[in-house]
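The structure under discussion appears below in the form of structure tokens.
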Amino acid sequence: MGRLSQEKGIESLLKAASRLPYKLYIAGSGPLDADLKKKYTANNIIFLGHLGAKDTIELLKKISFTVIPSICYENNPLSVIESMCCGTPVLGRNMGGIPELVETCSFNHLFTQDEELPSLITKMFNTVVSANRNKLSTAALQRYSGEHYYQKWLEIVGKE
């Protein structure tokens, strides 16, 4: 989900997906859109284009898990938060703010090297069946609520 650009690491995900039997849904658009569609034409790779908020949420509720392959140091990637709030586990690159966001659920996993992606994607498909999506969603919705952030802010500024 998101911008199809080099810093998002999308090509490493597409390379891995092209060697696997699982369906990969790519939601988003960006400068690499046309090139990626030409290069990755496997039947299991489906480009959905840009999705609005409602369609993104519906997609997140249907898919097995989300892969966040970003190669830039994202501080607080919304796609991780949205995914977990929908009860969808995350496989994310161990970089930037991603590890901090996914640490709260045993069904989430991190990877460091692109070479790890095929085996971790397979592992995710084998383990998310038993994931308690309601529990993941409830925990994420509480963790990322406005009230939670407000209480944390009060702790930081010493008002509580």
Side-chain angles (χ1 to χ4, degrees), residues 1-30 32-33 35-37 39-72 74 76-145:
M1 298 176 307
R3 186 169 165 75
L4 301 183
S5 56
Q6 185 177 358
E7 70 276 3
K8 296 296 186 171
I10 186 68
E11 190 131 25
S12 60
L13 174 57
L14 288 165
K15 284 178 186 175
S18 67
R19 299 190 318 247
L20 295 169
Y22 312 109
K23 285 190 178 180
L24 172 67
Y25 295 94
I26 304 292
S29 60
L32 298 181
D33 197 356
D35 290 340
L36 294 175
K37 286 178 182 175
K39 189 173 181 179
Y40 297 95
T41 58
N43 290 335
N44 66 319
I45 298 174
I46 299 123
F47 289 90
L48 302 172
H50 173 78
L51 297 180
K54 184 178 178 181
D55 291 332
T56 298
I57 298 304
E58 289 303 313
L59 177 65
L60 285 170
K61 289 179 179 180
K62 293 177 185 175
I63 60 175
S64 298
F65 60 94
T66 304
V67 181
I68 312 294
S70 187
I71 58 174
C72 66
E74 295 193 51
N76 193 36
L78 186 58
S79 54
V80 173
I81 295 169
E82 288 174 331
S83 185
M84 292 191 322
C85 285
C86 288
T88 305
V90 173
L91 171 59
R93 190 176 298 272
N94 192 7
M95 175 178 267
I98 297 170
E100 180 182 336
L101 296 176
V102 304
E103 69 187 357
T104 60
C105 173
S106 62
F107 295 107
N108 295 328
H109 292 285
L110 295 170
F111 70 96
T112 305
Q113 303 294 320
D114 290 346
E115 295 77 25
E116 298 173 88
L117 269 176
S119 64
L120 284 173
I121 288 171
T122 299
K123 179 180 180 177
M124 291 287 288
F125 272 108
N126 292 330
T127 60
V128 296
V129 173
S130 62
N132 186 333
R133 293 175 75 112
N134 287 335
K135 185 176 178 182
L136 174 58
S137 176
T138 300
L141 288 167
Q142 289 173 350
R143 182 177 183 194
Y144 301 114
S145 71

Stepwise side-chain contact (heavy atoms from CB on, under 4.5 Å) check, Ile26 with Leu14: CA-CA 9 Å; Ile26 304 292; Leu14 288 165; 4.1 Å; yes
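- Note that OG of Ser79 is 7.0 Å distant from CD1 of Ile98, once rounded to the nearest 0.5 Å.
- Annotation for Lys135: atom NZ does not count as buried by contact number, only 12 or fewer foreign heavy atoms lying within 6.0 Å.
- Every pair tested for ring pair (Phe, Tyr, Trp, His ring centres under 6.0 Å) that includes a residue from residues 77-98 fails, sequence neighbours excluded, so the list is empty.
- For the pair Pro77 and Leu101, the tightest heavy-atom approach, listed with the atom from each and the gap, is CD-CD1, 3.6 Å.
- Rounding to the nearest 0.5 Å places CG of Leu117 at 11.0 Å from CE of Met124.
- A pairwise comparison of heavy atoms in Pro118 and Glu115 identifies CD-O, 3.5 Å as the closest pair.
- The structure places CG of Leu136 at 6.0 Å from CG of Asn108, a figure rounded to the nearest 0.5 Å.
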Could you pull out every donor-acceptor pair under 3.5 Å between side chains of residues 40-47 and any protein atom, sequence neighbours left out?
from	atom 1	to	atom 2	distance (Å)
Tyr40	OH	Glu11	OE2	2.8
Asn44	ND2	Ala17	O	2.9
Asn44	ND2	Leu20	O	2.9
Asn44	ND2	Tyr22	O	2.8

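- Crowding of Glu7 atom CD: a count of heavy atoms from other residues, nucleotides or ligands under 6.0 Å exceeding 12.
- Nearest heavy atom pair, residue Ile10 against residue Ser5, reads CG2-O, 3.9 Å.
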For residues 80-97, run the donor-acceptor check on the side chains, cut-off 3.5 Å, and write out each pair with its distance to 0.1 Å, sequence neighbours left out.
from	atom 1	to	atom 2	distance (Å)
Ser83	OG	Thr66	OG1	2.8
Ser83	OG	Thr88	O	2.9
Thr88	OG1	Leu60	O	2.4
Thr88	OG1	Arg133	NH2	2.8
Arg93	NE	Pro69	O	3.0
Arg93	NE	Ser70	O	3.0
Arg93	NH1	Thr112	O	3.4
Arg93	NH1	Asp114	OD1	3.2
Arg93	NH2	Ser12	OG	3.3
Arg93	NH2	Pro69	O	3.2
Arg93	NH2	Asp114	OD1	2.7

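- Listed by chain and residue number, Thr138 satisfy the side chain to side chain contact (heavy atoms under 4.5 Å, CB included) test with Gln142 (two or more places apart in sequence, or in another chain).
- When every heavy atom of Asp33 is checked against every heavy atom of Ser29, the shortest pair comes out as OD2-CB, 3.8 Å.
- Across every non-hydrogen atom of Leu120 and Leu110, the tightest pair is CD1-O, 3.7 Å.
- Scanning for side chain to side chain donor-acceptor pair (under 3.5 Å) contacts around Lys15 gives an empty result, with sequence neighbours left out.
- Put simply, CG on Leu13 and NZ on Lys8 are 13.5 Å apart, with the number rounded to the nearest 0.5 Å.
- Not counting sequence neighbours, the partners of Phe65 by the ring pair (Phe, Tyr, Trp, His ring centres under 6.0 Å) test are Phe125.
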